[in-house]
There are 4 protein chains.
Amino acid sequence: MVNVGILGATGMVGQRFIQLLEDHPKFEITALTASARSAGKKYQDAVTWHMDTPIPEAVKDTVVVDTDPSQVKDVEIVFSALPAENALIAEPKFAEAGMKVASNASAMRMEPDVPLVIPEVNPEHLDLIETQQKNRGWDGFIVTNPNCSTIALVLTLKPIYDQYDINRVYVSTMQAVSGAGYNGVPSMAMLDNLVPFIGGEEEKMEEETLYLLGDFDGDNVEPATFGVSTSCHRVPVVDGHTEAVFMEMDEEFDLEDIKKSLQNFQALPQKLNLFSAPEHPVIVREEDNRPQPRMDRMMGKGMTVTVGRLRQDATFPQSLKYVLLGHNTVRGAAGASILNAELIAEIM
Amino acid sequence: MVNVGILGATGMVGQRFIQLLEDHPKFEITALTASARSAGKKYQDAVTWHMDTPIPEAVKDTVVVDTDPSQVKDVEIVFSALPAENALIAEPKFAEAGMKVASNASAMRMEPDVPLVIPEVNPEHLDLIETQQKNRGWDGFIVTNPNCSTIALVLTLKPIYDQYDINRVYVSTMQAVSGAGYNGVPSMAMLDNLVPFIGGEEEKMEEETLYLLGDFDGDNVEPATFGVSTSCHRVPVVDGHTEAVFMEMDEEFDLEDIKKSLQNFQALPQKLNLFSAPEHPVIVREEDNRPQPRMDRMMGKGMTVTVGRLRQDATFPQSLKYVLLGHNTVRGAAGASILNAELIAEIM
Amino acid sequence: MVNVGILGATGMVGQRFIQLLEDHPKFEITALTASARSAGKKYQDAVTWHMDTPIPEAVKDTVVVDTDPSQVKDVEIVFSALPAENALIAEPKFAEAGMKVASNASAMRMEPDVPLVIPEVNPEHLDLIETQQKNRGWDGFIVTNPNCSTIALVLTLKPIYDQYDINRVYVSTMQAVSGAGYNGVPSMAMLDNLVPFIGGEEEKMEEETLYLLGDFDGDNVEPATFGVSTSCHRVPVVDGHTEAVFMEMDEEFDLEDIKKSLQNFQALPQKLNLFSAPEHPVIVREEDNRPQPRMDRMMGKGMTVTVGRLRQDATFPQSLKYVLLGHNTVRGAAGASILNAELIAEIM
Amino acid sequence: MVNVGILGATGMVGQRFIQLLEDHPKFEITALTASARSAGKKYQDAVTWHMDTPIPEAVKDTVVVDTDPSQVKDVEIVFSALPAENALIAEPKFAEAGMKVASNASAMRMEPDVPLVIPEVNPEHLDLIETQQKNRGWDGFIVTNPNCSTIALVLTLKPIYDQYDINRVYVSTMQAVSGAGYNGVPSMAMLDNLVPFIGGEEEKMEEETLYLLGDFDGDNVEPATFGVSTSCHRVPVVDGHTEAVFMEMDEEFDLEDIKKSLQNFQALPQKLNLFSAPEHPVIVREEDNRPQPRMDRMMGKGMTVTVGRLRQDATFPQSLKYVLLGHNTVRGAAGASILNAELIAEIM
């Protein structure tokens with residue numbers, strides 16, 4: 001078993017890390033960090049637990065420590081659920097101290113020597129680790145995963161982009177509230193209402209998508225060059241981001257062909273049979289009224305993206321439309337970091 | 001006062017007609033029709049009233065009659081809140097019997113001699129009435145208004161299209177449940193969930209939009225020719241359709257200029273000072289997080305469409321994005337028919 | 001016109017005061033106070049407006065001042081929408097400075113010389129003002145209204161208690177989120193969920209109810225002595241508190257008699273024809289499935305409490321059950337203070 | 001393995017039976033019945049699946065048959081998820097044909113020779129089966145479980161009633177929508193709203209509770225005689241009924257003692273280690289704000305009732321209050337019938 005720690009263990013994403021790692025065959029949680037207010041307390045006393053399964057017995061009495069590498073002993077991998085501003089300061093310290101940091105935070109994602117990875121999409125970007133360690137003189141390193149709404153989108157773009165030239169993608173999201181933290185979205189904003197804005201989300205989606213699908217020469221990532229334009233909205237859903245995708249191709253395409261590409265998409269994590277890798281990263285539903293958050297978000301234990309309503313514009317045959325759904329705190333956050341760590345543990 | 005009747009008076013849209021007409025200065029409700037099950041009952045006994053204001057005293061004791069022109073005496077205008085399949089049969093009978101039918105139903109919208117009108121957008125299409133009466137030998141006539149989500153969209157497209165060539169429009173909707181009728185959408189589908197499909201909605205939006213903005217030579221409507229592609233979704237909101245719009249122009253444009261065009265948009269109903277015409281058909285909000293259904297849907301007594309988040313893609317300056325919100329059962333249904341009738345009463 | 005001010009004008013209840021006073025025939029808002037952060041700004045720049053009608057033109061440009069009597073000139077009445085801890089300090093200063101304070105805060109409610117009043121229930125408690133002014137040497141005074149859930153309950157208890165001896169009352173509430181302020185209840189707590197606890201609410205309901213229905217000898221209030229036991233719960237409703245009431249009488253009673261007492265209940269505010277007094281403080285619905293928050297909360301412009309499901313236990317004929325609904329931020333907060341002020345302006 | 005069938009397999013409760021039985025160690029589904037419309041189709045084509053896990057592979061291709069015993073071969077136990085009116089006719093036929101019917105329907109619950117059982121509460125009532133078979137000349141028999149809201153209540157009453165004399169119980173429920181079937185409650189009724197009425201629910205709770213806690217002499221059940229009065233309300237929650245309980249005892253009691261009785265409550269199903277029996281039928285939470293539906297309904301795989309807010313009235317020490325939560329379609333419906341069948345399979 002590999003000893004792992006969780007940075008920012010009391011927040012919503014931190015709790016999700018703990019829940020997902022409960023029965024992990026390779027990773028064992030031996031350290032939990034949080035802010036000074038929680039340090040020194042048992043985890044069960046420090047946390048207001050919001051998951052729908054009980055706090056795992058194994059961590060109930062674990063004493064929470066400060067988010068400081070000197071407090072985290074004998075740990076090989078740390079998962080970071082820190083807020084971006086804290087991550088910016090803390091994550092480099094853990095890497096410097098020799099730990100492998102699998103981060104869900106946005107702070108370091110766009111650093112040119114920090115890999116931003118979805119294991120099914122661009123595992124080769126992990127080669128940047130060597131550059132990173134050389135550049136920074138670290139024994140450890142930082143690996144990041146993209147933003148929740150980006151991950152779900154790019155998992156569906158990848159098998160299409162492998163076959164067709166994409167000219168332009170428009171995405172309108174309907175995002176769940178859990179991503180904003182327990183207190184992030186007031187109920188006054190979500191009862192008989194929605195909010196057509198999520199700070200920074202559109203910029204992240206537009207930048208990260210092109211980066212993930214970019215060319216990598218071993219040293220640098222050259223972002224893809226098609227147009228990506230997003231409009232992000234918060235809706236009264238607990239978990240599961242829904243995204244309506246409009247895509248213009250450079251040429252006509254075959255709808256059945258695209259459906260097969262999505263349905264059959266498998267990649268390195270599936271080949272390596274990684275514990276958190278779903279058999280199918282993407283599944284396609286034929287029913288008119290799917291995907292739906294409550295019914296589809298837990299497909300593949302929350303790691304599968306469900307696509308539905310695949311269709312072509314009658315009057316513009318180069319245009320593809322579909323709706324996708326991904327679990328924002330599993331595949332889009334904690335599960336993404338864990339899958340990154342599983343891949344690293346396997347291949348490095 | 002002009003005597004008016006309401007066809008299908010017990011349903012959700014029928015109730016909205018009654019609520020909106022309560023203090024109308026020119027129209028007085030003198031007839032209410034419904035299915036055979038309700039005929040013969042007092043309105044208050046026939047209806048399960050769902051509005052948030054009480055049943056108007058003036059109609060409480062009105063005896064409901066069959067939806068049959070022989071039962072509707074001394075009425076000049078009838079508002080149709082009938083389901084499409086009933087409208088197809090009943091509306092022509094009322095027109096034949098000499099009544100002016102202002103219909104919210106979709107049944108007759110695409111008949112080439114039936115005007116499909118938004119008073120601020122294409123009042124000149126009313127000239128089709130003459131053709132219609134001649135073609136069909138009717139003393140009365142039928143005028144229709146578009147689908148709820150189309151109306152809100154086209155009110156924002158009109159002032160832009162008057163100035164710029166539009167190349168392509170992508171619209172992703174987040175629609176309220178009230179449009180589907182009281183029993184239309186189960187709560188199991190709307191708690192911690194959304195449904196990415198509304199039967200027939202995308203087709204209506206795509207066809208009607210081009211028709212409304214088409215050229216009219218006095219006899220025929222030649223639809224506009226830019227691309228319109230929609231994806232329609234039901235979300236847990238009672239009233240108020242939100243739509244995320246992505247637009248590609250044929251040329252670069254000035255964002256401030258477009259904002260002013262929207263904000264200053266006024267048309268015939270405003271000039272004629274029609275009772276239900278809002279001072280501003282469109283208002284533009286500057287805040288990041290607006291429009292929101294619960295707070296903005298009643299602007300202009302439900303007849304104003306609120307636009308927010310007007311922005312340009314950094315990397316594609318011919319691209320415009322915004323979010324709009326319109327009240328689906330006021331501006332998008334009952335209020336639309338009433339404004340049509342007010343315009344007709346004024347100019348014909 | 002009487003000049004009035006609003007203390008804590010930027011919060012949810014403060015906004016409701018402004019909305020309700022927009023067209024008031026006797027009160028004109030001439031002062032708005034808020035925390036230091038807002039002081040010096042125009043109201044429209046200081047507030048994040050959450051009402052469903054626009055900010056009244058008359059206050060848009062009013063400059064917000066500190067909550068300090070020296071900043072509030074030429075004002076006769078101030079309405080307090082302050083949080084309890086601020087009210088405790090600020091309200092006495094305004095009374096000392098000669099102003100009449102109509103407070104919605106809980107801070108001073110249980111002071112023996114401060115009247116806690118519902119105008120339809122215990123207007124005679126206003127006689128305490130004289131004692132208060134004498135005790136404290138103030139030219140002004142403080143009058144308070146009860147907690148939102150208490151007001152709705154006691155308006156229905158009063159006409160029953162006037163006729164029958166009540167032995168015990170059990171009340172289970174289903175309360176709206178608006179009472180907790182815009183950020184008070186997270187959406188994570190209210191989507192597919194409810195919370196069976198509201199801090200301090202049960203204690204307030206149990207104490208205030210007996211106080212309001214107590215005996216008053218001109219100097220002291222002797223609380224009523226029947227049992228009141230409450231269980232308070234937060235549910236996903238924006239506005240409108242629903243309460244299930246179980247009542248044990250000392251004797252058998254006639255259900256029709258109680259229905260008439262509730263329906264016919266009228267009191268001093270109705271006799272004086274006060275502007276905010278509803279014609280009926282309580283209405284009784286016969287339908288099985290009423291009251292419902294969205295449909296009934298605005299009865300009597302939000303000042304009427306709706307009662308439904310009046311019934312007697314088959315096996316225990318001294319037991320009465322019903323469900324009531326009252327608008328928590330109108331009748332239960334801002335409207336309550338305004339009605340208190342209208343009564344004072346009329347009789348003092 | 002015991003072959004089992006599900007009557008009414010396409011509805012919400014039918015689907016829950018299938019989900020819960022997916023990995024059952026003793027029961028194997030070999031027959032699925034539904035209405036004539038579905039008969040002859042594969043299950044996956046007949047059903048609109050609404051669970052949050054996929055349709056089990058084992059039943060996907062099972063051909064649905066009419067709800068008629070002649071169509072159901074080699075089956076020992078049938079679980080009935082039929083509507084009451086269908087159950088009344090169909091269930092006796094299956095019993096007559098020699099099958100053991102474990103029914104969730106209300107139709108036969110109050111027949112004097114049909115056991116109404118919660119295995120932890122009154123397993124001895126199963127002795128009525130002998131009487132039933134003798135009376136009716138059946139080889140099979142019918143066993144029923146109570147209404148969803150009754151089960152959760154009585155599981156908490158039982159350990160208290162074993163120790164103390166209860167005088168009167170008042171219960172106010174906040175019930176989830178899933179119990180009414182997928183189309184049972186419109187979203188118009190559950191967005192920013194609640195409905196204070198559920199047809200027949202109060203009568204069932206009041207009657208069944210006394211029956212379950214009654215005396216049984218081997219032939220007849222003599223209902224308990226304390227007062228039970230309920231008020232039932234539908235709230236916007238998908239799964240999980242919350243109930244606020246007020247209880248008057250005949251004497252003073254010790255709160256800690258009651259807490260222990262609830263927490264330590266174990267009965268026959270726990271002793272027999274039945275597969276669906278939770279280790280703890282009731283758990284007690286100490287936090288102020290629990291139980292909450294989304295977080296607590298799946299305790300004990302949905303078979304545990306969570307109690308919180310245990311408290312005593314300050315002024316009336318014979319009075320006990322608490323809030324309970326039970327999963328309405330697991331412990332309150334399909335899981336209840338399955339546990340009944342497991343008990344029967346074990347002891348008969």
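Reckoned from all heavy atoms, side chains included, excluding hydrogens, waters and symmetry mates. Order of the sequence lines sets the chain letters (A, B, ...), proteins ahead of strands, with each chain counted from 1.
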So which heavy atom on B:Thr230 is nearest to which on A:Arg311, and how close?
O-NH2, 3.4 Å
Pick from A:Arg234, A:Met190, A:Arg297, A:Glu202 with the largest number of heavy-atom pairs that fall under 4.5 Å of chain B:
A:Glu202
Rounded distance [0.5 Å steps], OH in B:Tyr170 versus CZ in A:Phe246:
8.0 Å
Rounded at 0.5 Å granularity, tell me how far NE2 in B:His233 sits from CZ in A:Arg309.
6.5 Å
Options A:Asp239, A:Val237, A:Leu325, ranked by heavy-atom pairs under 4.5 Å with chain B, top entry
A:Val237
B:Arg290 versus chain A, heavy atoms under 4.5 Å apart: side chain, backbone, both or neither?
backbone
For A:Glu207, look at atom CD and say whether over 12 heavy atoms of other residues, nucleotides or ligands are found less than 6.0 Å away.
no
Please look at B:Ser229 and chain A and tell me whether the side chain, the backbone, both or neither of the residue comes under 4.5 angstrom of a heavy atom of that chain.
both
If we define contacts as heavy-atom pairs under 4.5 Å, which of A:Thr242, A:Val235, A:Val228, A:Val177 has the most with chain B?
A:Thr242
Do the side chain of B:Arg294 and the main chain of A:Met188 share a donor and acceptor less than 3.5 angstrom apart?
yes
Between A:Asn289 and B:Val195, is there a donor-acceptor pair closer than 3.5 Å when you use the side chain of the first and the backbone of the second?
no
Under a 4.5 Å cutoff for heavy-atom pairs, which residue among A:Ser172, A:Ser319, A:Pro196 has the most contacts with chain B?
A:Pro196
Run the salt-bridge test on B:Arg168 and A:Asp313 with the 4.0 Å N-O cut-off and return the result as yes or no.
no
Looking at residues at least two apart in the chain, or sitting in another chain, which of them share a ring pair (Phe, Tyr, Trp, His ring centres under 6.0 Å) with B:Phe253?
none
Heavy-atom neighbours of A:Gln318 CD exceed 12 at 6.0 Å:
yes
Using every non-hydrogen atom in the two residues, find where A:Leu194 and B:Met174 come nearest and quote the distance to one decimal.
CD2-CB, 3.8 Å
Heaviest contributor of heavy-atom pairs below 4.5 Å to chain B, chosen from A:Ala244, A:Gly240, A:Ala189, A:Pro236, is A:Pro236
Does atom CD of A:Gln163 have more than 12 heavy-atom neighbours from other groups under 6.0 Å away?
yes
Pairing of B:Glu206 and A:Lys321 as salt bridge, 4.0 angstrom limit
yes
B:Asp192 and A:Pro293: which non-hydrogen atoms are nearest, and at how many Å?
O-CB, 4.4 Å
Give, as side chain, backbone, both or neither, the part of B:Val238 having an atom under 4.5 angstrom from any heavy atom of chain A.
both
Atom CD of A:Glu222 with >12 non-hydrogen neighbours under 6.0 angstrom
no
